[in-house]
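Whatever order the structure lists ligands and atoms in, that order sets their numbers, starting from 1. Everything numeric here is computed off the predicted structure, so don't read it as measured data. The figures that follow rest on heavy atoms only: side chains count, while hydrogens, waters and symmetry mates do not.
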Amino acid sequence: MRAPQFKKWFSKLPALNVRQRLHTLAALHPAAGLDQVIALIDQVGAAARRCPSCACDQYHRHGQANGLQRYRCRQCRRSYNDLSGTPLARLRLREKWLDYLGCLLESKSVRAVARQLGVHRNTAFRWRHRFLERPKYDRPQRLNGITEADEMFILESQKGSRKLTRPARKRGGRANKRGISRELDCILVARDRSAQTIDAMVGRGALTAAQLERHLLPWLDREVLLVSDSHGAYRSFARKHGIAHEAVNLRAGVRVRRGAAGAIHVQNVNSYHQRLRQWLSRFRGVASRYLPNYLGWRRVLDGGRVASAEQLLRIAIGVINSER
Ligand SMILES: [Zn+2]
């Protein structure tokens, strides 16, 4: 539309009644959402644009495709856009992405999202895991000071798998054996007193010192004071790596002790477990293979760490900087 025409059209807007205003807003919403998404993709891309094939950061502009600027690598001559190599590379309906991410921040069910956005529920489910692929790597650089660590267990699940690698459970959501067994997925959570949190699905059955080495050690500051329950794996892990360690003997009924550095307890990490468990229950069983995505999702939500759909989109297409 030409400028004078637009001016004339725009000047009539105050004459709209409520219904007409809502109608107009709804009509503009997808396009506005798309503009926002494209602008964000461009911003995130500009910060660290490099060729996904050879990692060269020299490029020139090379036309547009599907609404995105294309670039051509000066070294290998391949062309790419800012989504190439990300989990969102070939995801369609970009005008709906921000609304979708808003639904993720509200922990909406697949069904509710499908209804709200007018997409098929399979799409809503597939998108969930595309958008959650990277947030799970968005971790703090280092846990500092008093750092609580504890593990929790949830029943291993092969939900959605075509072939089970074990006999089906006769009575649904219960383990056959009592206590900690290979039927349970072990989730480690560590949290320092400034609420920085890391989590990992470390394997099945009881926690081992080797798992702590792999999943906890890279995120611990050298000066950290590790606090855990009296499980032997923490003790031998801490001794081997020269990490200051205090154990709380929960079985003996001790919950909090006074230490030189502050209160010695694992209550922050335990309440994190509680929130995680409660939140997971809404999904009525999560497949073990997707569990890391759900852990990352929970970490996004906890304490309102990620507050807007835009911020979540940046993480979903951003560079993975803390994958170790
Ligand atoms: Zn290249």
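A salt bridge links D138 to R305: at least one charged side-chain nitrogen sits closer than 4.0 Å to a carboxylate oxygen. For E213 and K240, the salt-bridge test passes: some basic side-chain N is under 4.0 Å from an acidic carboxylate O. Taking the charged nitrogens against the carboxylate oxygens, R289 and D185 have no contact shorter than 4.0 Å, which rules out a salt bridge.
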For V227 and H265, run side chain to side chain contact (heavy atoms under 4.5 Å, CB included): C-alpha distance rounded to whole Å, both residues' side-chain angles, the deciding distance at 0.1 Å, then the answer. CA-CA 7 Å; V227 182; H265 61 77; 5.9 Å; no
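Metal site remark for the Zn ion (ligand 1): C56 contributes no N, O or S atom at a distance under 2.8 Å.
For C54 atom SG and C73 atom SG, the angle they make at the Zn ion (ligand 1) is roughly 100°, to 10 degrees. One finds an angle of 110° at the Zn ion (ligand 1) between SG on C51 and SG on C76, to the nearest 10 degrees.
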